[in-house]
*Asks:* 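To start, I am sharing the structure in question, which I have written as structure tokens.
This one's a predicted model, so the numbers in the text were calculated from it and none came from an experiment. Heavy-atom basis, side chains included; hydrogens, waters and symmetry copies ignored.
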Amino acid sequence: MNLSDFNTLVSLLVLIITWLIVQPLKSSIVALQVSVEKLGSVVEQLRKDVGANNEETVRVGEVAKSAHKRIDRVEQRLIRVEGRCEHCHLQHGGEE
């Protein structure tokens, strides 16, 4: 085998290796890049959603706290009214 044949064989092997290995790897890398970009977009949207959910959770907590205070006030009023009725009932000769 002379030098020219050897060079031709090496060139042919390089082409085959490029076609069988390098090209599929390039395609895979491009596909991975696209997937990573999509995941980046999804992660960014999830961050926004979590932030919005956190704000909503705080707001709901504040509303619940306010409602609980109103319920406590109504409960205290009810206790006072029941106490007056009980006192009134006993003063007028009623039994429990």
Side-chain angles (χ1 to χ4, degrees):
M1 178 185 292
N2 63 30
L3 188 58
S4 177
D5 291 340
F6 181 75
N7 284 339
T8 303
L9 182 61
V10 168
S11 296
L12 183 60
L13 287 174
V14 167
L15 285 173
I16 291 172
I17 289 172
T18 300
W19 183 70
L20 290 175
I21 297 173
V22 175
Q23 286 305 95
L25 285 174
K26 283 183 180 180
S27 297
S28 295
I29 289 170
V30 169
L32 283 172
Q33 286 173 329
V34 169
S35 295
V36 168
E37 289 171 3
K38 286 180 182 178
L39 283 173
S41 297
V42 169
V43 167
E44 185 57 34
Q45 185 59 49
L46 285 172
R47 280 188 187 139
K48 289 177 184 176
D49 292 347
V50 167
N53 285 343
N54 287 343
E55 291 172 10
E56 182 67 12
T57 299
V58 168
R59 190 187 70 73
V60 167
E62 290 168 352
V63 168
K65 185 176 179 181
S66 176
H68 188 63
K69 286 180 181 180
R70 290 190 307 271
I71 291 168
D72 286 345
R73 285 193 300 260
V74 168
E75 181 183 31
Q76 291 303 315
R77 287 176 62 196
L78 180 60
I79 290 170
R80 283 195 307 268
V81 168
E82 287 175 341
R84 286 183 199 148
C85 287
E86 197 173 285
H87 178 71
C88 183
H89 185 67
L90 290 175
Q91 281 183 347
H92 295 295
E95 295 181 18
E96 292 213 30

*Asks:* Could you state the interatomic distance from CD1 (Ile79) to CD (Gln76), rounded to the nearest 0.5 Å?
*Replies:*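 Interatomic distance, Ile79 CD1 to Gln76 CD, rounded to 0.5 Å: 4.5 Å.
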*Asks:* Less than 4.0 angstrom from a charged side-chain N to a carboxylate O is my criterion; do Arg59 and Glu62 meet it?
*Replies:*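 No, no charged N to carboxylate O under 4.0 Å.
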*Asks:* My understanding is that only residues two or more places apart in sequence, or in another chain, count here; which of them pass side chain to side chain donor-acceptor pair (under 3.5 Å) with Arg70?
*Replies:*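 Counting only residues at least two positions away or on another chain, Arg70 forms a side chain to side chain donor-acceptor pair (under 3.5 Å) with Ser66.
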*Asks:* Of all residues at least two apart in sequence or in a different chain, which pass the side chain to side chain donor-acceptor pair (under 3.5 Å) check with Arg84?
*Replies:*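 Arg84 satisfies side chain to side chain donor-acceptor pair (under 3.5 Å) with no residue once adjacent residues are dropped.
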*Asks:* Clusters formed by hydrophobic residues whose side-chain heavy atoms approach within less than 4.5 Å: which one holds Val42, and what are its other members?
*Replies:*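 ILVMFWY cluster around Val42 also holds Leu46.
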*Asks:* With sequence neighbours left out, write down each residue that passes side chain to side chain donor-acceptor pair (under 3.5 Å) with Glu75, or none if nothing qualifies.
*Replies:*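 Result, side chain to side chain donor-acceptor pair (under 3.5 Å) vs Glu75: none returned.
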*Asks:* Quick one: hydrophobic cluster around Val58, which other residues, with the 4.5 Å side-chain cut-off, linked directly or via members?
*Replies:*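 None; Val58 is a cluster of one.
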*Asks:* Over all heavy atoms of both residues, which pair between Asp5 and Asn2 is shortest? Give the atoms and the distance, please.
*Replies:*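 In this case the closest contact between Asp5 and Asn2 is N-OD1, 2.8 Å.
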*Asks:* Give me the other members of the hydrophobic cluster that Ile17 sits in, counting Ile, Leu, Val, Met, Phe, Trp and Tyr linked by side-chain heavy atoms under 4.5 Å, directly or via other members.
*Replies:*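 Members alongside Ile17: Leu12, Ile16, Trp19, Leu20, Ile21, Leu25.
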*Asks:* Would you kindly say whether Asp49 and Gln45 are connected by a side-chain donor-acceptor distance under 3.5 Å?
*Replies:*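 Indeed, the side chains of Asp49 and Gln45 share at least one donor-acceptor pair under 3.5 Å.
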*Asks:* About how many Å separate OG of Ser28 and CD of Gln23, when rounded to the nearest 0.5 Å?
*Replies:*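 So the CD of Gln23 and the OG of Ser28 are separated by 11.0 Å.
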*Asks:* Of Val22, Ile29, Val30, which is the lone residue that meets side-chain contact (heavy atoms from CB on, under 4.5 Å) with Lys26?
*Replies:*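 Single side-chain contact (heavy atoms from CB on, under 4.5 Å) partner of Lys26 among Val22, Ile29, Val30: Val22.
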*Asks:* Given side-chain contact (heavy atoms from CB on, under 4.5 Å), test Gln33 with Val36 step by step and report yes or no.
*Replies:* CA-CA 5 Å; Gln33 286 173 329; Val36 168; 5.8 Å; no
